[in-house]
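Here is the structure we will look at.
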Protein chains: 2
Amino acid sequence: MIRPENAAEVRQLELFATGSETTFLSFTETGFVQRFPRGMVLFRENEPADFLHVVLGGTVELFAGSDKRETTLDIVRPVGVFILAAVLNDEVYLQSARTLEPSDILMIPAEKVRAAMDTDPGFARAIVMELARSYRRTIKDLKGMKLRTGAERLANWLLRADKEQGGTGEIDIRIEKRTLASRLGMTPENLSRAFSTLRPHGIEIDGSRVEIVRPDALIAFAAPDPLVDDPEVSPPAGRPGR
Amino acid sequence: MIRPENAAEVRQLELFATGSETTFLSFTETGFVQRFPRGMVLFRENEPADFLHVVLGGTVELFAGSDKRETTLDIVRPVGVFILAAVLNDEVYLQSARTLEPSDILMIPAEKVRAAMDTDPGFARAIVMELARSYRRTIKDLKGMKLRTGAERLANWLLRADKEQGGTGEIDIRIEKRTLASRLGMTPENLSRAFSTLRPHGIEIDGSRVEIVRPDALIAFAAPDPLVDDPEVSPPAGRPGR
DNA sequence: GCATGCGCTTGATTATTATCAAGCGTATAA
DNA sequence: TTATACGCTTGATAATAATCAAGCGCATGC
C-alpha cells in the first residue's frame with residue numbers, strides 16, 4: 001500500500017528500525033500514505049484514535065481547545081510520529097491535528113500497532129523509547145510554561161531554532177508567527193512585543209527572518225537550561241557507560 | 001530485601017501485575033524499602049536516574065526549577081510509581097523529588113528495570129501502558145496551564161479532589177496550600193485570592209477544608225473538560241470493543 | 001504562660017499578559 | 001491597476017498574576 005521509497009524512509013525512523021520485518025510488513029501492507037492540502041484537519045480531539053500518523057512531508061500542528069481558547073501543543077515535521085500514546089491504549093485523541101502546508105501523512109491502523117507491540121519485542125522496546133521521549137519533551141514544555149515569561153520562552157526558542165538550522169545565527173521562522181505564538185503560549189500581539197523586548201538583547205527581526213547579532217546577549221537573557229531546552233535525544237545504540 | 005506484605009501490595013500495582021514471577025523476584029531481591037522523614041529530598045533534577053521509585057506510604061512531591069523559581073509538577077501518593085521515563089532511557093532526572101510527610105519508598109535499581117523490559121514482554125507491555133498514561137496526564141496538565149486561568153484550574157482541582165474523596169462535597173486539602181499553589185502554577189498569595197474568587201461560585205473555605213455548597217455553580221465556573229480533567233484510567237483488561 | 005516561627009491572608013503596587021481597536025504592508029484576485 | 005483579505009504590528013486599556021509588605025492565627029518550644 002505504501003510506495004517503496006517511502007517504505008525505506010519510514011524504516012529509518014527509530015520507532016520502526018528495531019522491529020521485525022514481519023511487523024514492518026504488516027504496517028506497509030495496511031498503512032497508506034495520503035497527501036493533504038494545507039489547513040486540513042486530520043482529526044479532532046475526543047475522536048477515537050484509529051490510526052498512528054507519520055509525517056513524511058510537510059508540517060503538522062497539534063492543537064487543542066475550543067474555538068474560544070485554542071493552543072498549539074506541538075509542531076511535527078518529517079520524519080515524525082504523532083499520537084502514539086492514544087493509539088496504544090485505545091483511547092481518544094487529546095489533541096487535534098491540522099496540516100500547516102501540503103503534507104504527506106502515513107496512516108497505520110491502530111490495531112496493527114497494538115498487535116505488533118504484543119508480538120514483536122523489538123518493536124515494543126522502540127515504542128517504550130519513543131513514549132519516554134515524548135513524555136520528557138512534554139515535561140520540559142510544562143516546566144517552560146510554568147517557570148518562564150513569554151519573552152524568555154521566545155528567546156530560548158530562537159536559540160534552539162538556530163541550532164536546528166545550522167547555528168549560523170540566521171533563523172528562518174518556518175511557521176506563521178501566530179502559530180509560533182500559540183506554540184509558545186501567548187497571543188500574536190504579545191509575540192510581536194516579545195520580539196521587541198528581545199531587540200535590545202542581541203536580535204534583529206525582518207519579517208520571518210531573525211538574526212542573532214549578539215549571541216552572548218541573547219543567551220544571557222534566555223538563561224537556557226538543558227533540562228528545559230535541550231531536545232530529547234535518541235538513546236545511544238549501546239547503554240551509555242557511567 | 002522487601003517485606004512480604006509490601007511485596008504483595010506492590011505486585012498489585014498495574015505496572016508489576018502483568019510481569020513474570022522472575023521479573024518480580026529480581027525487583028524484590030534487589031529493591032529495598034526505605035523510610036524517609038518529612039521534607040527529605042530523594043533526588044535532584046540533573047542527577048542520573050539510578051532507581052525506579054515506588055511510593056508505598058506517605059506523599060512525594062515532584063518539583064523542578066532553581067531556587068529563585070520553583071514549581072511542583074506532580075504529587076505522588078501510594079501506590080504510585082515515579083520517574084519511570086528517566087529510568088528507561090538511562091537519562092538524568094528532569095524533576096527533583098521530596099517527601100511531604102514521612103514516607104516509605106521502594107527503590108528498584110534502574111538496570112534491573114531496563115533488563116526486565118528486554119526479557120519480559122508482559123512487563124514491557126505494562127511499561128508502555130504506564131508511560132502512555134503519564135504522557136497523557138502531562139499533556140492534560142499542559143493544556144490546563146495554557147488554556148485556563150488560575151481560578152479555573154483551582155475550581156477544576158476542587159471538583160476532581162471531591163470525586164477522589166468520595167463526592168461528599170467535603171474536601172480535605174491534604175497538602176500545604178503553598179504546595180497546591182505551586183502544583184496549580186501560581187503563587188500562594190494568588191491561591192488565596194483564587195479561593196476568594198470561588199466563594200461566590202459555590203464554595204466555603206475553612207482552613208484546609210473546602211465545602212462545595214453549590215456544585216452546579218462551581219461546575220458552571222470551572223467548565224470541566226474530560227480531555228483536561230478526567231484522570232487517565234487504566235485500560236480495561238480486555239480491549240474495549242468499538 | 002509567653003515568645004517565636006511559620007503558613008496563610010490581605011492590601012498595595014508592579015509586572016505580565018490578554019483584549020480591543022486601529023492601521024500597515026504584502027499577497028492575491030478581480 | 002485596484003480592491004480585498006489577511007497576517008502582522010502598535011497603541012490603549014483591562015485582566016491576570018507576581019512581588020513587596022504587613023499582620024493574623026496557630027503551633028511549637030522555652
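Chain letters run A, B, ... following the sequence lines, proteins first and then strands; every chain starts at 1.
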Open item on the list: So B/Glu189, base contact, sugar-phosphate only, or nothing? Heavy-atom distance under 4.0 Å.
Closed with: base
Open item on the list: Need one value for B/Gly207: base, sugar-phosphate or nothing, where a base atom within 4.0 Å counts as base even if backbone is also close, heavy atoms only.
Closed with: nothing
Open item on the list: Between A/Phe82 and A/Tyr93 (judged by ring centroids, cut-off 6.0 Å), do the two rings come close enough to count as a pair?
Closed with: no
Open item on the list: For a 4.5 angstrom cut-off between non-hydrogen side-chain atoms, does B/Glu211 reach B/Glu170?
Closed with: yes
Open item on the list: Quick check: do B/Thr72 and B/Ile175 have side-chain heavy atoms less than 4.5 Å from each other?
Closed with: no
Open item on the list: I'd like to know if A/Glu176 pairs up with A/Arg38 as an ion pair, taking the criterion as any Lys NZ or Arg NE/NH1/NH2 lying under 4.0 Å from an Asp or Glu carboxylate oxygen.
Closed with: yes
Task: Sidechain N-carboxylate O distance under 4.0 Å for B/Asp74, B/Arg183 - done: yes
Task: Within 6.0 angstrom of A/Asp216 CG, more than 12 heavy atoms from elsewhere - done: yes
Open item on the list: Take a 6.0 Å sphere around CZ of B/Arg44 and say whether it holds more than 12 heavy atoms from other residues, nucleotides or ligands.
Closed with: no
Task: Distance (rounded to the nearest 0.5 Å) between B/Leu227 CG and B/Lys143 NZ - done: 5.0 Å
Task: Contact interval (first through last nucleotide) of DNA chain D with protein chain A, 4.0 Å heavy-atom - done: D/dG7 to D/dA12
Atom pair distance, as rounded to whole Å: [atom1] in [X] and [atom2] in [N]:
X: A/Met186; N: C/dA18; atom1: CE; atom2: P; answer: 8 Å
X: A/Met145; N: C/dT16; atom1: CE; atom2: C1'; answer: 12 Å
X: A/Lys177; N: C/dG25; atom1: NZ; atom2: P; answer: 14 Å
X: B/Glu176; N: C/dG5; atom1: CD; atom2: C1'; answer: 13 Å
X: A/Leu191; N: C/dT19; atom1: CG; atom2: P; answer: 15 Å
X: A/Leu147; N: C/dT16; atom1: CG; atom2: C1'; answer: 16 Å
X: B/Leu100; N: C/dG7; atom1: CG; atom2: C1'; answer: 15 Å

Open item on the list: Let me spell it out: for each of B/Ser196 and A/Gly150, pick the nucleotide of DNA chain C with the closest heavy atom. Which residue's pick is nearer the 5' end?
Closed with: B/Ser196
Open item on the list: Judged by each residue's nearest nucleotide on DNA chain C, which is more toward the 5′ side, B/Arg178 or B/Arg199?
Closed with: B/Arg178
TODO: Measure the angle between the two terminal helix axes of the helix from C/dG1-D/dC30 to C/dA30-D/dT1, five base pairs each, and quote it to 10°.
DONE: 30°
Open item on the list: Counting only side-chain nitrogens and oxygens, does A/Thr187 get under 4.0 Å of the OP1 or OP2 atom of C/dA18?
Closed with: yes
Open item on the list: Whether A/Asn190 contacts C/dT17 is assessed here as follows: a side-chain N or O lying under 4.0 Å from the phosphate OP1 or OP2. Is that the case?
Closed with: no
Task: salt bridge (Lys or Arg N to Asp or Glu O under 4.0 Å) evaluation trace for A/Glu152 with B/Arg69 - done: CA-CA 13 Å; A/Glu152 289 170 337; B/Arg69 310 189 220 179; 2.6 Å; yes
